[in-house]
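Below is one structure, written out as structure tokens; comments come after it.
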Amino acid sequence: MAQVLALAPDPGSAKSARGLANPRTWSDLGSNDSLVWGKCQGSARSPYQVTVDLNEPAFRCTCPSRKFPCKHGLALLLLWSAGGGVVADLDTAEPFAADWAAQRTARTATTTRTPDPEAQAKRLAERESLMSAGIDDFERWLHDIVRQGLASVRRQPPTFWDTAGARLVDAQVGGLGDRVRAMGSAVHARHDWAPHLLGELGRWYLAVKAWRRRADLDPAAMGDLRTLLGWARRTEEIRAGERLADRWRVVGLSQEEDERLLSQRTWLHGERTGETVVLLDFAAAGMALNVAHVLGSVVDGEVALYPGGAPRRALLAGDEHKVTQGSGLPGATDVRAALDRAAGWLAGNPWLRRIPMALAGMTVVPGDTPLLVDRTGAALTLSPDTDVWQLLALSGGHPIPVFGEWIDERFHPLSAEIDDRLVSL
């Protein structure tokens, strides 16, 4: 992001670009190997069409500004460089972006334009250098916490965590930065804040050590590390990699929205393979998701798998999939079996935060600390934001199958089987 702002023709343009780097003012955002594009709603009736060629970079905007690059081009590049899925990787560019790229190609008398391997290697080296500097700084911050003692962090203001997270975002390690910022509220909201903080510090320090040994990591471990750090992969790379065909049951949906982004996690269970994978879909805040998955449906086809340990992230492969209606919650087990499976996944990926669980015969027990209890008496603590009374009303007090995410040793229910069909919670 600092490199983007350095392209600004003056400080005023840089300041204006920061203000426009908000997905709410943009539509039709996308990117590929060489282009970033989008439409920005300005003072005119029609939104400005903005395109950036990443190879130079070069800018085009339909606004009347005489500054180059204008604030709209800088804002678009800021959104793209921040990552997080706001600017999606797409196979096809918007017509206005594709036409401009074609015109540039014609002007340079080049029939095909392929990315420059030397330029790509240079950009990769620059990014890794920036990330390494940020991670070195983060390690010193971790040492300071341990040196001062865990109790001292509860006396720190919110800026203590926000500043550390912002430095990681600036170093293009945004995924880790998000987890650091979230700890600022967790140390005050959780009664078990001390062991929770200690566990996260250990996982963060493990990430520091793993980054320095990244050349020795296998593809799965490197995939998990990249996910933690927030280093995204291009869609084309994933679609060209490993695939898995099955009849995929949609067993859980979870949406989150903030001022910038709407995200949805869709959990799929393979009827033949027994594998559990997750699809991630993103849209700018206030916009609709491109793919709306229906709880309980069955998608027959292939998914493209991201590198990493189970449960893996995936993309639906191909353009068309046969979708039918399923019944019941597949793969449900008791609490002990679910925890055994979670332990195996965590052994392979210690940074795994959301663990899917399909639980059979669970009874809701309300109280100061609400629980889900199976037929053997084993229990999981429900998350504080669970609507316990809705779950109790749906079940009628009887044992029911429940699917959800186990996060930080608390269960977040997403769906329940009622009369042989899945109901969203």
What side-chain donor-acceptor pairs closer than 3.5 Å can you find for residues 331-347, not counting sequence neighbours?
| residue | atom | partner | partner atom | Å |
| --- | --- | --- | --- | --- |
| D334 | OD1 | R336 | N | 3.4 |
| D334 | OD1 | A337 | N | 2.9 |
| R341 | NH2 | G274 | O | 3.4 |

Which donor-acceptor pairs under 3.5 Å do side chains of residues 388-401 form with protein atoms, sequence neighbours excluded?
| residue | atom | partner | partner atom | Å |
| --- | --- | --- | --- | --- |
| S395 | OG | L391 | O | 3.2 |
| S395 | OG | L392 | O | 3.1 |
| S395 | OG | G397 | N | 3.2 |

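Side-chain N or O atoms of R226 include one that pairs as donor or acceptor with a backbone N or O of A232 at under 3.5 Å. Judged by distance alone, with hydrogens and angles left aside, the side-chain atoms of N32 form a donor-acceptor pair with the main-chain N or O of L35 at under 3.5 Å. One N or O on the side chain of D246 and one on the backbone of T273 form a donor-acceptor pair closer than 3.5 Å. No side-chain donor-acceptor contact under 3.5 Å links R265 to the backbone of V278. The main-chain N or O of A21 is never found under 3.5 Å from a side-chain atom of T25 such that the two would form a donor-acceptor pair. Judged by distance alone, the side chain of R243 and the main-chain N or O of R239 form a donor-acceptor pair under 3.5 Å.
S185 meets the side-chain contact (heavy atoms from CB on, under 4.5 Å) test with no other residue; sequence neighbours excluded. I407 meets the side-chain contact (heavy atoms from CB on, under 4.5 Å) test with R353, R354, E405, H412; sequence neighbours excluded. Qualifying side-chain contact (heavy atoms from CB on, under 4.5 Å) partners for A245, counting only residues two or more places apart in sequence or in other chains: E302. Take D144 and apply the salt bridge (charged side-chain N to carboxylate O under 4.0 Å, His left out) test, not counting sequence neighbours, and it matches R147. Scanning for salt bridge (charged side-chain N to carboxylate O under 4.0 Å, His left out) contacts around R410 gives D192, with sequence neighbours left out. Residues passing the side-chain contact (heavy atoms from CB on, under 4.5 Å) test with D419: none are found, sequence neighbours excluded. Considering only residues two or more places apart in sequence or on other chains, R45 meets the salt bridge (charged side-chain N to carboxylate O under 4.0 Å, His left out) condition with none of them. For F96, there are no ring pair (Phe, Tyr, Trp, His ring centres under 6.0 Å) partners, not counting sequence neighbours.
Residues V169 and G174 come closest through the heavy atom pair CG2-CA, 4.0 Å. Closest approach of L76 and G38 over heavy atoms only: CD2-N, 4.1 Å.
With contacts defined as side-chain heavy-atom distances shorter than 4.5 Å, the pair W80/L29 does not qualify. Between W248 and D300, every side-chain heavy-atom pair lies at or beyond the 4.5 Å cut-off. Residues L244 and R312 fail the side-chain proximity criterion, which asks for heavy atoms closer than 4.5 Å. Side-chain contact between F411 and T381 is absent, with no heavy-atom pair separated by less than 4.5 Å. Residues L315 and L279 are not in side-chain contact: their nearest non-hydrogen atoms beyond the backbone lie 4.5 Å or more apart. Within the 4.5 Å cutoff, no side-chain heavy atoms of D281 are placed close to those of S263.
Side-chain contact of S31 with W37: a donor-acceptor pair under 3.5 Å is absent, judged by distance alone. Residues T386 and S383 have side chains that bring a donor and an acceptor to within less than 3.5 angstrom of each other. With no hydrogens or angles considered, no side-chain donor-acceptor pair links T51 and R60 at under 3.5 Å. Q264 and T266 form a side-chain donor-acceptor contact under 3.5 Å, judged by distance and modelled atom types alone.
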Legend entry - E128/R123 under salt bridge (Lys or Arg N to Asp or Glu O under 4.0 Å): CA gap, chis, key distance, verdict: CA-CA 9 Å; E128 289 189 344; R123 286 197 296 268; over 6 Å; no
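Listed by first and then second residue, the salt bridge (charged side-chain N to carboxylate O under 4.0 Å, His left out) pairs involving residues 153-167 are D137-R167 (not counting sequence neighbours). Applying the salt bridge (charged side-chain N to carboxylate O under 4.0 Å, His left out) test to pairs two or more places apart or on separate chains, those with a residue in residues 170-182 are D178-R181, R179-E200.
We find the CH2-CZ distance between W231 and R127 to be 6.0 Å, quoted to the nearest 0.5 Å.
Taking the six-membered ring for Trp and the full ring otherwise, F160 and W141 have centroids separated by under 6.0 Å.
Using a 4.0 Å cut-off between a side-chain N of Lys or Arg and a carboxylate O of Asp or Glu, R190 and E409 do not qualify as a salt bridge.
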